[in-house]
Amino acid sequence: MDADSNLQADSSLSCSRCGKPAHLQCPKCLQLRLPRESAAFCTQDCFKASWSSHKSVHLKSKVSGLTASTPDEQISAALNEGWLYCLKKGQAGTPILPHFDWAGSLRPYPISGRRMVPASIERPDWAIDGIPKIEPSSDLQNVVEIKTPEQIERMRETSRIAREVLDAAARAIRPGVTTDEIDEVVHEATIAAGGYPSPLNYHFFPKSCCTSVNEVICHGIPDARRLEDGDIVNVDVTVYYKGVHGDLNETYFVGNVDEASQQLIQCTYECLEKAIAIVKPGVRFREVGEVINRHASMSGFSVVKSICGHGIGELFHCAPNIPHYGRNKAVGVMKAGQTFTIEPMINAGVWRDRSWPDGWTAVTADGKRSAQFEHTLLVTDSGVEVLTSRLPTSPNVFPWLNP
Ligand code: MF3
Ligand code: CO
Ligand code: CO
C-alpha cells in the first residue's frame, strides 16, 4: 500500500510566509489544535524565518510539554519537533501527511533529542543558536589561507582525533544498529577526546555526524532506522578541537552487500586516492575533478555536481571550492600550506541529486545508490599529507586494502 496516497486533502494549503504550496505544519500549532492555514509552511527555512512572528500565535493557548526556556532553545525544540513530525508521516492515524515524491525506497525515521556537550569543551560559534557568524563573512571565503606551522600542528591533532572517531563508528556498524546509535558513538568519542562534533547545530543540523544510507548522497540525518543486511552507509565525521576542524568520511558495507555496490564503493575509494595522488604545489584545483570524472565514468558511474570539496581550518567550510566533476571552472592553483578536503560522491545511476523535505538529506534523483570518501589534506612542499589518513589501528573493512 502507498503510504503517501492519502495526501491530497492538504495540497491546497499554502505557506503562511511566502504563499508557495505548503507540505509542513508547525508541530506546536498541531498540538494546540490551531487553524491549519496559519500553521503551514513550505520549508524548514520559511518556518525558521517566520518563527519570531509565528510563535506569538502559540501564546494564545496554554503550551504544555514545552520545557525549553530561552528563545534559542524554543526554536531548536520546535524545529526538532518539526522534523519529528515530518518523519512520522505515513504512520496510521497521522491526521496530516505531507506529499513527497521519494526517489527510492529509503524513508526518514524519528530523530532523537539533542545530545549535550560538556560546558568545558570549546564550541564553534553556531553551537548555541545554529547560525555560523564568522564563516559566511570571512575573507577566507575568497582567498585560500596558507596555514602557519602552528595552525598545521593543530590541524594534524584534530584530524587524527576525527579519524579515531570515524574508526569507532565503523566498528559499530552491523545489521540491526540504528544510525542514531552510530551518531551516539560519534558524539561520545568526540567529547571524550575533548572535541566538539562540528555538524551539531551547524545551520541547525540536529545531530553530531551525517549518516547516508543507500541512495542518500550525503548529509543524511542519523535517525531510528535500523541498518539492514545489504545496505551501504557513509559516516561523515567532523571534529572541532583546539580551534580547528578535521573532516573525513567513509562508506561501509552492512553485512553482505551485492557485487554492484562493492564495485561502487571501491571505485569511489579509488577516485579519492587518484585525486590525492595529483595534489602538490602548482596543480590547478580544477584538475581534481578531471581525475575523479575519468575514473568514475570508466567504471560506468556518475559524479555528483552539487556538493564540492572545501577549504578547512579555523572555518568548517571556506575557499577553495573543489568540484569533483570534469570540465569544472574551479579557480586557482595549489600552494604549500593550504588545507582542504576532497570528498567525491559517486552514483551508480544519474549524477543529479534531490533534497528530502528535512532540508538536509541529498538523494540520487533515480533512487540508485551513491558512495563517498573524504579526507582532509595538507599541501606540502613536495606533495600532500593526508591529515585524516588511516591508522594501523583502523578497522580492516575494505577488502581491496588487503595484500
Ligand atoms: N562533513 C560535511 C562535509 O564534508 C559537512 C556536514 S555539514 C552538516 O563538508 F551540517 F550536514 F553536518
Ligand atoms: Co567536507
Ligand atoms: Co565531511
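All ligand and atom numbering here is 1-based and tracks the order in the structure. In what follows, every heavy atom counts, from backbone to side chain, and hydrogens, waters and symmetry copies are set aside.
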Should we count CD1 of Ile134 as having more than 12 external heavy atoms under 6.0 Å?
no
Taking both backbone and side chain into account, is any N, O or S atom of Glu343 nearer than 2.8 Å to the Co ion (ligand 3)?
no
Check: residues 396-403 side-chain donor-acceptor pairs under 3.5 Å, at least two apart:
from	atom 1	to	atom 2	distance (Å)
Asn396	OD1	Asn402	ND2	3.4
Asn396	ND2	Asn402	OD1	3.3

So which bit of Cys210 gets within less than 4.0 Å of ligand 1, heavy atoms only: side chain, backbone, both or neither?
side chain
Nearest to atom 12 (F) of ligand 1, what protein heavy atom do you find, and at what distance?
Pro199 CB, 3.0 Å
Which of Arg156, Glu314, Lys242 passes side-chain hydrogen bond (donor to acceptor under 3.5 Å, both in side chains) with Gln151? Answer is Glu314
Suppose we measure from atom 2 (C) of ligand 1 to each protein heavy atom; which comes out shortest, and what is that distance?
Asp236 OD2, 3.3 Å
Closer than 4.0 Å to some heavy atom of His310 - which atoms of ligand 1 meet that?
3 (C), 4 (O), 9 (O)
By ring-ring contact (aromatic ring centres under 6.0 Å, His included), which residues pair with Phe340, not counting sequence neighbours?
Phe285
Vertex the Co ion (ligand 3), arms to Asp236 OD2 and Asp247 OD1, rounded to 10°:
150°
Under 4.0 Å between a side-chain nitrogen and a carboxylate oxygen: does that hold for Arg115 and Asp180?
yes
Using the rule given for side chain to side chain donor-acceptor pair (under 3.5 Å), can you reason through Asp247 versus Thr341, listing the C-alpha separation, both sets of side-chain angles and the distance that settles it, and then say yes or no?
CA-CA 7 Å; Asp247 187 8; Thr341 73; 4.9 Å; no
Does ligand 1 have an atom that lies less than 4.0 angstrom from a heavy atom of His317?
yes
Nearest neighbour in protein (non-hydrogen) for atom 4 (O) of ligand 1
Glu343 OE1, 2.8 Å
Considering only the protein, which heavy-atom contact is closest to atom 7 (S) of ligand 1, and what is its distance?
Tyr202 CD2, 3.8 Å
How far apart are the C-alpha atoms of Thr364 and Asn347, what are their side-chain angles, what is the distance that settles it, and do they pass the side chain to side chain donor-acceptor pair (under 3.5 Å) test?
CA-CA 7 Å; Thr364 58; Asn347 296 351; 5.7 Å; no
Closest candidate by heavy atom, reference atom 3 (C) of ligand 1, pool Asp247, Thr238, Ile312:
Asp247
Give the atom name of whichever N/O/S atom in Glu374 sits closest to the Co ion (ligand 3).
OE1
Ionic contact status for Lys147 with Glu145, cut-off 4.0 Å:
yes
Does His317 bring an N, O or S atom to within less than 2.8 Å of the Co ion (ligand 2)?
no
Touching ligand 1 at all, Glu374? Heavy atoms, strictly under 4.0 Å?
yes
Anything under 30° is parallel, anything over 60° is perpendicular, the rest tilted; go ahead and classify Tyr202 against Trp126.
perpendicular
